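Only heavy atoms go into these numbers, but all of them, side chains included; no hydrogens, no water, no symmetry mates. Note that the structure is a prediction, hence the values are computed from the model and not measured. First listed ligand is number 1; within each ligand, the first listed atom is number 1.
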Amino acid sequence: MGFRIEQVRLHQIEMPLVHFFETSFGRTYGRKMILVEVVSGGVSGWGEVTCGEHPFYNEEWTEGAWLLLKDYIVPAAIGKTLESAADAGRLSAGMRGHRMARGGFEAACWDLEARLKGVQLWKLIGGGARKGIPCGVSIGIQDSVEQLLGKIRTEVEAGYQRIKMKIKPGWDVEVIRAVRKEFPSILLMADANSAYTLNDIDHLKRLDEFGLMMIEQPLAHDEIIDHAQLQAALQTPICLDECIRTAHHAEQAIRMRACRIINIKLGRVGGFAEAKKVHDVCQANGIPVWAGGMLESGVGRAHNIAMATLPNFTLPGDISASRRYWKRDVIDPWVVVTPRGAIVVPDEPGFGYHLDLEFLQSVRVRQETLQAQ
Ligand code: OSB
Ligand code: MG
């Protein structure tokens, strides 16, 4: 059963974060995100473009993604019939990069196909390996070490299974030492978002004493070879985030021994088809994966939950409760986390949650509809 892409609606929404989020590349107080609604036979599938407001995590940003979707991605797709959502990525394959914009559209097609068939998205993508998703949290750089310790305590008490803290030069060894002193046995990891270079090898080796689960993307966003050199010098496993945009990158990184773990972000790799390929390459090579996050609304969160039911997502991901980010989420019910730090995989068709359309309208700042002839 194929489906025709009859209408696409782009919705840009803006929502303040409950608490600012700071990484090595900057501080975010609120999110501007694009939701992609693909309509066929009166049924809507939803996707989220996960890029930031500025081109600092990667080259994409909300304003650029809006133009790319409106002028290229949607025009290339409108009126086309797809045998399955697995073919959706091909409609924009001639466009270089911009995987988050293309992935937001691709993910909407998967949700649409699942809803048209009345099956759960996790089933459609070949997941279902687990009924509960193990959850971790990502905690940004804070104004003080005391503030960080307080945040970690709150999340550990809420049941989250692992803590990730953001680091950068000047907020690393001594801060982690303070965290370890207070929380000697928690599963702890650090994410540098490319804040270091190979000149920092000796400095980064000092992190080995803290028993971190992994250090995420210490070096440049596009530098696999330098990570191989660093991994050879470190005991702590390296996890690549920014570097892995395709299954081929994963293959290269694994072959070079540039990492021992990979974080898969649905948007960064351009949607479910590529995410599954990255997952499979890692699985075949004994490299565990986990689901990364991009401060998503409920729509992106729901997609991440489906993705994390694939078998090799064995480590706790950056998928946490809606209320950690938003006063109110755009889906109903909100994503909640059990006292044991897990998300129960929803059983409803599609990505498993309803859109809160009334709230969506109240946070929407622009909309564009493209209609097939
Ligand atoms: O590197 O994982 C990252 C947020 C924005 C940009 C990059 C990253 C992050 C996170 C947040 O760590 C994860 C989340 O959504 O909670
Ligand atoms: Mg990261």
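Here the protein heavy atom with the shortest distance to atom 5 (C) of ligand 1 is Met294 SD, 4.1 Å. Looking from atom 13 (C) of ligand 1 to the surrounding protein, the closest heavy atom is Gly293 O, 3.4 Å. Among protein heavy atoms, the minimum distance from atom 14 (C) of ligand 1 is reached at Tyr325 OH, 3.4 Å. Looking from atom 11 (C) of ligand 1 to the surrounding protein, the closest heavy atom is Phe21 CZ, 3.5 Å. Here the heavy atom of the protein found nearest to atom 15 (O) of ligand 1 is Leu295 N, 2.8 Å. Scanning the protein for heavy atoms near atom 1 (O) of ligand 1, the closest one is Asn193 ND2, 2.7 Å.
Counting only distances under 2.8 Å, and ignoring water, the protein N, O or S atoms around the Mg ion (ligand 2) are Asp191 OD2, Glu216 OE2, Asp241 OD2.
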Check your understanding: Which is it for Ile73 and Val8 under the side-chain contact (heavy atoms from CB on, under 4.5 Å) test, yes or no, and what are the steps along the way?
Key -> CA-CA 10 Å; Ile73 298 170; Val8 178; over 6 Å; no
Review point. Going through the checks in order, is the side-chain contact (heavy atoms from CB on, under 4.5 Å) test met by Lys265 and Tyr57?
Key: CA-CA 12 Å; Lys265 288 182 180 168; Tyr57 165 80; 3.4 Å; yes
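The shortest N/O to N/O separation between Asp191 and ligand 1 falls below 3.5 Å.
Within the structure, ligand 1 has Glu216 among the residues with a heavy atom less than 4.0 angstrom away. Contact annotation: Gln217 has no heavy atom less than 4.0 Å from any atom of ligand 1. Ligand 1 lies nowhere less than 4.0 angstrom from a heavy atom belonging to Thr23.
Heavy atoms of other residues, nucleotides or ligands lying less than 6.0 angstrom from CD1 of Ile225 number 12 at most. Summarising the local packing, CZ of Arg257 is surrounded by 12 or fewer heavy atoms from other residues, nucleotides or ligands at distances under 6.0 Å.
Annotation: cation-pi pair Arg31/Tyr325 absent, no NZ/CZ under 6.0 Å from the ring centroid and within 45° of its normal.
Between Tyr353 and Phe351, the ring-plane angle classifies as tilted under the 30° and 60° cut-offs.
Listed by chain and residue number, nothing satisfies the ring pair (Phe, Tyr, Trp, His ring centres under 6.0 Å) test with Tyr72 (two or more places apart in sequence, or in another chain).
Nearest heavy atom pair, residue Trp334 against residue Lys327, reads CH2-O, 3.1 Å. Across Leu310 and Ile125, no two heavy atoms sit closer than the pair CD2-O, 3.8 Å.
The residue from Glu296, Lys166, Glu242 that puts a heavy atom closest to atom 8 (C) of ligand 1 is Lys166. In this structure, of Ser138, Ser320, Gly26, the residue bringing a heavy atom nearest to atom 12 (O) of ligand 1 is Ser138.
With 3.5 Å as the limit, one finds no donor-acceptor pair spanning the side chains of Glu48 and His303. A donor and an acceptor atom, one from each side chain of Glu223 and His227, are nowhere located under 3.5 Å apart. Using a 3.5 Å distance cut-off with no hydrogens or angles, the side chains of Glu242 and Asn58 do not pair a donor with an acceptor.
At a heavy-atom cutoff of 4.0 Å, ligand 1 is contacted by the side chain of Asp241 but not by its backbone.
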